[in-house]
Structures are given as C-alpha cells and as structure tokens.
K.L.:
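One structure is given below, represented as structure tokens, and several questions about it will come after.
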Amino acid sequence: MTFIVKPTLHHPQLRANSLGFTRRDYEGAVSTLCAGCGHDSISAAIIQACYELELPPHRIAKLSGIGCSSKTPNYFLGSSHGFNSVHGRMPSVLTGANLANRDLIYLGVSGDGDSASIGLGQFAHCIRRSVNMTYIVENNGVYGLTKGQFSATADRGSKSKRGVVNYDEPIDLVGLSLQLGASFVARSFSGDKAQLVPIVKAAIQHHGAAFIDCISPCVAFSNHEGSTKSFDYVRDHNEAVNRLDVVPERDEITVDHATGAVEEVVQYNGGRLRLRKLTAEYNPHDRVAAMTYLQERHAAGEIVTGVLYLETEPTDLHDYLNTVDKPLNQLADADLCPGLESLKLFNESLR
Ligand SMILES: Cc1ncc(C[n+]2csc(CCOP(=O)(O)OP(=O)(O)O)c2C)c(N)n1
Ligand code: SF4
Ligand SMILES: [Mg+2]
C-alpha cells in the first residue's frame, strides 16, 4: 500500500492528554482518498475519540478488509497494531486476535461492500458471537475502490452516477445486527462530527459487540441526485432519535439536564453514557421495537441515527467461553499443556 508519512513535528503548545499524547499522536499517514470523501471524516472522529478517551495507542488493534474504507486504518492511530486482511474477511481475523489477546481494544473498520456483500457471512458470525470490539462500517452504498458499482446496502430505486436504477432490496446492517444480538447498535453520518465522536467513544467503552453503521458519502460515485447516500440526501432525511455525552470515569458530572430527558448508563469500565432523548417514543433498550421503528422510518424515506440499541449489562465471547483472565497468548507451555495426568482426569470427567 502506498502512503505518505506525516512529519512528526507539531506546535509545542498543542494540548496533551493525561498520557502526554497530543491529538497528532493518534494520527496516521497522509490520506490518499479523494478530497471530501466521507471516510476521512470518520478517521478524524476515531482520532478524536481515542485522544479524548486517553487510550494508550499500543493497546489498540485496528483491523480491516479491502476497499477505500478498509485503507483508512493507515490514516489514523499510526502507533497502534494493524492488520489489513482479505476482502470481507476482517471479522474472522479480528475474532481470532481477540481470542488470543483479550487485553487489546479492537477496532474493525470495513465498507458496505466488505461487510454486506462479500463478507456478509463473516459479519453475521462475528456479531452473533458477541466479540468484544467496535465494528464500524463506512457505508456509501457503492464499491468505491472498484469504481462505484452498487453494493448490497444501496437502496432500491436509488440511481448510480450514470443513471442506472438499483432494483435489488438493500441489506440493512443495523437491522441485521439487532437481529443477531449485538449489544450496542448505532447509526451515524460522517458529516455529523458532534454525533459521531461520542458514539465512537461509547462503542469503544462498550463490553461486547458494538456496531456502528456510518453513512459516508463517496464524492466520486454516490454524491449525486438520485443517490440516497449523498451529503444532501442524508442531511435532508436524517432523523436523530437521541444525543449522547460520554463521561469518563475520572470526570465528575457537572452539567444537569432536564429531569426525565436524560438517561445515565454506567459502562463496564466505570465510564458513563448520558443519553438525551430527542424522539419521545424511541426506547433504545427494546430490541424488537427498535427493529420495527427502523423499518417504518426507512419505508418513509428517513435515515434514523443515534444510539439505536444498548444493552446495559452486556457480555462477550470470553464470558461465554469462560476463558482465563490472562490473555491466551501470554500463557506458558505448562498452562497450555498441563500434562498427561490432567488429560486423564479430564477424559474421565467426560465419561
Ligand atoms: C476477493 C476479492 N474480490 C473482489 C475484490 C475487488 N474489490 C476490491 S475493493 C471492492 C469493494 C469495496 O467496497 P466497499 O467495501 O464498500 O469499500 P469502499 O471502497 O466503498 O469504501 C472490491 C469488489 C477483491 N479485492 N478481493
Ligand atoms: S472513490 Fe469514493 S470511497 Fe473511494 S476515496 Fe474516492 S470518494 Fe472515497
Ligand atoms: Mg462502499
């Protein structure tokens, strides 16, 4: 992959977080995407979220598939672990990495083609297994990297840049992840930084499978009239059901919102989410109601954004498998192979 390294010099007065890192320390190489591509805004939101959460970069692992979206991990978190896998295969690589080392923070970055077309099976199994990760799909409704063919998330009736109509039903990854049991589900828009940054922060803090569908217009192939993934279309049809503040464990809550309108959810690591309702009838803890609401609003041509589902006491794959707290890749030979006597005892227990 070609890339241009960014100079490490920065203004001496750039504010550092408590780890001594500036926002620049969470950046990566210079982006080679088209100017104005929505994906670059998502990279900026990830950088901001990790800087604000004060995450040590060496504790993060970013994984992706193939596509313009999957190239982006090269443009953020340059000091973190990274793995660029085969098209549509990121979820199984991430699952394996997570099982081997549960101590890292996993970021899966993918495209709508990568996750809803070729990688749909991989996406589905990774979500239903509750892998502890933040899974972001940068959704532009096209295969940007291969010149703009419709992907499986393109809406029925939407038009390609050359005027071809898509007759296939779209796959809604939000609906699918709700059905498959994801414990955190959100949708956002690359053009709404104020919404996206706290959603990414909340997803990273979530213990379990956190999925974010981020509509991300492709300025080359899905930003024209007739596309339902263009900047104009999303701005005109965006219906945000809530707004989120993320309060780290170390910070006191100082702002008091109107009673009843704000719900506070304590996260696994002690941080808190403050969820402010914008739509009275929307309940982000009712999976079935969320699925119905999203389908109704989609039929009406609206794009519902915000935290769409949140389980307050989530569990992950390691909890189900009852794995030891120590990461498996740090276990010694004696732990991994406890000897013939232990094997005999184990076999006896199965008789
Ligand atoms: C196995 C395989 N099949 C097909 C391709 C060609 N290919 C590369 S990227 C891509 C689609 C990318 O679309 P998406 O995931 O939506 O990413 P975007 O470029 O839109 O961000 C395709 C079909 C490939 N690289 N590997
Ligand atoms: S082709 Fe589309 S998705 Fe790819 S970099 Fe350009 S604008 Fe972004
Ligand atoms: Mg795409």
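As the structure is a prediction and not an experimental result, all values here were calculated from the model. All values below were derived from every heavy atom in this structure, side-chain atoms included, with hydrogens, water molecules and symmetry-related copies excluded. Atoms within each ligand, like the ligands themselves, are counted from 1 in listed order.
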K.L.:
Is it the case that the side chain of Q122 and the backbone of S92 share a donor-acceptor pair, with hydrogens and angles ignored and the cut-off at 3.5 Å?
P.N.:
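Yes; at least one donor-acceptor contact below 3.5 Å.
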K.L.:
Check the side chains of Q48 and R23 for a donor-acceptor pair under 3.5 angstrom, ignoring hydrogens and angles.
P.N.:
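Present: a donor and an acceptor within the cut-off.
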K.L.:
List, by chain and number, the other hydrophobic cluster members for V197, where Ile, Leu, Val, Met, Phe, Trp and Tyr join if side-chain heavy atoms come within less than 4.5 Å, directly or indirectly.
P.N.:
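For V197, no cluster forms, as it stays isolated from other hydrophobic side chains.
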K.L.:
With a 4.0 Å heavy-atom cut-off (strictly under), which part of V142 contacts ligand 2: side chain, backbone, both or neither?
P.N.:
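It is neither part, as no heavy atom is under 4.0 Å.
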K.L.:
Is there a donor-acceptor pair closer than 3.5 Å between any side-chain N or O of S110 and the backbone N or O of D114?
P.N.:
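A pair under 3.5 Å: no.
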K.L.:
What protein N/O/S atoms sit under 2.8 Å from atom 6 (Fe) of ligand 2, by chain and number?
P.N.:
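Per the 2.8 Å query on atom 6 (Fe) of ligand 2, atoms found are C34 SG.
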K.L.:
We want to know whether S115 and Y135 form a side-chain donor-acceptor pair, criterion being a heavy-atom distance below 3.5 angstrom.
P.N.:
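S115 vs Y135: donor-acceptor pair found between side chains.
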K.L.:
Counting heavy atoms not belonging to Q149, are there more than 12 under 6.0 Å from its CD?
P.N.:
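It does: Q149 CD has more than 12 such atoms within range.
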K.L.:
Just verifying a value: how many Å separate N223 CG and D232 CG, rounded to the nearest 0.5 Å?
P.N.:
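Going from the CG atom of N223 to the CG atom of D232 covers 7.0 Å.
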K.L.:
Students should find this: residues with any non-hydrogen atom under 4.0 Å from ligand 1. What is the answer?
P.N.:
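Heavy-atom contacts below 4.0 Å: H39, I66, G67, C68, S69, H87, G111, D112, G113, D114, I118, N140, V142, Y143, G144, L145, T146.
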K.L.:
For ligand 2, which atoms sit closer than 4.0 Å to a heavy atom of N140?
P.N.:
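Listed by number with element, the hits are 3 (S).
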K.L.:
Return yes if a side-chain donor-acceptor contact under 3.5 Å exists between T95 and R129, otherwise no.
P.N.:
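Their side chains do not contain a donor-acceptor pair, so the 3.5 Å distance test is not met.
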K.L.:
Under 3.5 Å, which donor-acceptor pairs link side chains of residues 328-342 to any protein atom two or more places apart or in another chain?
P.N.:
| unit_1 | atom_1 | unit_2 | atom_2 | d |
| --- | --- | --- | --- | --- |
| D335 | OD2 | A332 | N | 3.2 |
| S342 | OG | P338 | O | 3.3 |

K.L.:
For H206 and F184, take the angle between the two ring planes, folded into 0 to 90°, and tell me which bin it lands in: parallel under 30, tilted 30 to 60, perpendicular over 60.
P.N.:
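Ring orientation of H206 relative to F184: tilted.
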